Number of protein chains: 2
Amino acid sequence: MFSKRQQQIIETAIKLIAEKGIQNLTIKNISKEIGITEPALYRHFDNKLEILKGIIQYFSIIMKPAFESMQKENQPIQQIENFFFSHLRILNNNYNFAKVIFSESNFQNDETLINSINIMMNKSQQKIKSVILQGQAINEIHSEQNALNISRIIIGSLRFLVIQWTMSGMVFDLEGEGLQLWNDIKKLIVNTN
Amino acid sequence: MFSKRQQQIIETAIKLIAEKGIQNLTIKNISKEIGITEPALYRHFDNKLEILKGIIQYFSIIMKPAFESMQKENQPIQQIENFFFSHLRILNNNYNFAKVIFSESNFQNDETLINSINIMMNKSQQKIKSVILQGQAINEIHSEQNALNISRIIIGSLRFLVIQWTMSGMVFDLEGEGLQLWNDIKKLIVNTN
DNA sequence: ACCATGTTAGTGAACACTAACAAAGATAAT
DNA sequence: ATTATCTTTGTTAGTGTTCACTAACATGGT
């Protein structure tokens with residue numbers, strides 16, 4: 001899909017956004033960081049917008065294991081746990097990525113980018129929601145709460161934890177805090193009857 | 001604190017960021033939108049960075065009622081409910097504001113801006129966490145969960161709901177969905193013994 | 001007379017992007 | 001095996017546009 005050079009460009013672009021925001025993302029900065037000239041960069045992407053589209057595509061590729069990890073389990077609550085921990089593991093191992101993935105506003109200047117981001121976000125939520133419905137059907141998860149709301153609680157908490165982690169400069173252990181957060185969420189939503 | 005003109009500049013800047021992202025925020029665009037020339041704008045702010053600082057200060061001013069609404073109640077859970085609903089009401093009535101307030105990445109290009117945003121975020125969380133601790137002390141809120149985690153659940157869910165609302169183009173009723181979300185959160189964390 | 005707030009006209013720097021050319025590796029004909 | 005050709009990927013030097021910001025001057029209210 002992406003050539004080696006294209007991947008390098010995308011990863012460098014993510015790094016630059018992570019460091020100094022989308023305003024720091026210029027063709028010159030990317031090429032300087034890589035060690036090539038500006039026109040060389042245009043051999044790999046038609047224009048700057050295509051690089052941004054590439055970043056969003058790259059999001060899906062990197063996050064794919066988090067979705068695949070769900071299918072290795074049968075229990076709904078265990079599927080969500082895998083989704084949760086897989087997210088934390090991936091983001092913990094890729095700081096630049098973590099700083100950019102939940103910052104939708106970076107891609108607000110183009111309609112097609114906004115759409116792509118929206119599709120990604122809805123896909124996550126639909127997946128989690130459907131698993132919660134399964135969990136409620138087999139009485140593993142409380143049925144008193146709406147599945148949509150539970151999905152918002154889970155994804156919202158996860159996102160907020162990651163944002164706090166990146167904004168604080170990684171001062172705490174993401175996976176450790178995430179484990180505690182998930183255990184408390186689990187205690188709240190799992191049916192203990 | 002801010003003159004009429006300064007307020008207008010800040011509100012216009014927020015509108016422009018909401019519409020097309022931080023990359024669309026230029027002195028020319030702000031002044032054109034207001035109907036003055038660029039040098040006129042520099043009569044009211046020394047430079048662009050000061051406008052961004054102004055936006056963050058403005059955040060605190062607009063959100064102040066949400067914190068004040070908490071003090072009108074004694075019951076901890078009712079205080080959090082007021083915080084929650086007050087947030088929703090304010091943001092529902094100010095779409096541009098809602099689009100920008102949780103987009104921290106817009107202010108990532110300057111160290112002082114990042115610090116200000118961090119302080120704001122921590123202030124909210126500390127406040128909510130302390131009220132939760134009070135609720136746990138009087139057995140109104142489950143003590144099985146960590147107060148920090150509950151605060152992350154509440155604020156994370158609230159933030160995510162608002163982000164979904166703005167990203168979807170306000171296709172759903174923010175305050176209506178927020179009411180349901182809060183009721184489900186409340187059912188989860190309130191002690192019914 | 002003064003001060004706040006506006007204007008016109010302009011600065012150099014940075015922006016995304018391009019034309020023209022160069023070199024190096026792979027492919028293919030001799 | 002050597003040579004010729006093509007393709008890929010790079011370079012230098014440059015385009016016009018937009019950026020944040022400024023100097024000098026104008027106007028209108030107190």
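Chain letters run A, B, ... following the sequence lines, proteins first and then strands; every chain starts at 1. Here the structure is a predicted model, which is why all the values come from computation and not from measurement. The basis for the numbers below is simple: all heavy atoms, side chains too, and nothing from hydrogens, waters or symmetry mates.
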For this session: State plainly whether the residues A:K99 and A:E19 are in salt-bridge range, i.e. N to O under 4.0 Å.
Result: no
For this session: Quick one: closest heavy-atom pair of B:H44 and B:A40, and the distance?
Result: CD2-O, 3.2 Å
Exercise. Does a salt bridge link A:K20 with B:E111, judged by any charged N lying under 4.0 Å from a carboxylate O?
Worked result: no
Problem set entry | Any side-chain heavy-atom pair of B:I138 and B:Q75 under 4.5 Å | no
Exercise. Given the rule in the ring pair (Phe, Tyr, Trp, His ring centres under 6.0 Å) test, do A:F102 and A:F160 qualify, once you have shown the distances and angles that lead to the verdict?
Worked result: CA-CA 9 Å; A:F102 294 144; A:F160 187 49; over 10 Å; no
Problem set entry | Residues from residues 30-45 of chain A lying under 4.0 Å of DNA chain D - heavy atoms | A:I36, A:T37, A:P39, A:A40, A:R43, A:H44
For this session: May I ask you to decide if B:F85's main-chain N or O and B:W182's side chain share a donor-acceptor pair within less than 3.5 Å?
Result: no
Exercise. Earliest and latest nucleotide of DNA chain C, 5' to 3', sitting under 4.0 Å from a non-hydrogen atom of chain A?
Worked result: C:dC15 to C:dC21
Exercise. Is it true that atom NZ of B:K187 has more than 12 heavy atoms of other residues, nucleotides or ligands lying nearer than 6.0 Å?
Worked result: yes
Problem set entry | Integer-rounded Å distance: D:dA20 P and B:I27 CD1 | 5 Å
Exercise. In residues 2-21 of chain B, what residues come within less than 4.0 Å of DNA chain D, judged by heavy atoms?
Worked result: none
Problem set entry | Non-hydrogen side-chain atoms of B:L158 and B:I155 separated by less than 4.5 Å | no
For this session: Starting from P on D:dC21, measure out to CG on B:D46 and report it in whole angstrom.
Result: 10 Å
Exercise. So, A:R159 and A:E104, do they make that salt bridge, N to O below 4.0 Å?
Worked result: yes
Exercise. With the threshold set at 4.0 Å, does a side-chain nitrogen-carboxylate oxygen contact exist between A:E38 and A:K32?
Worked result: no
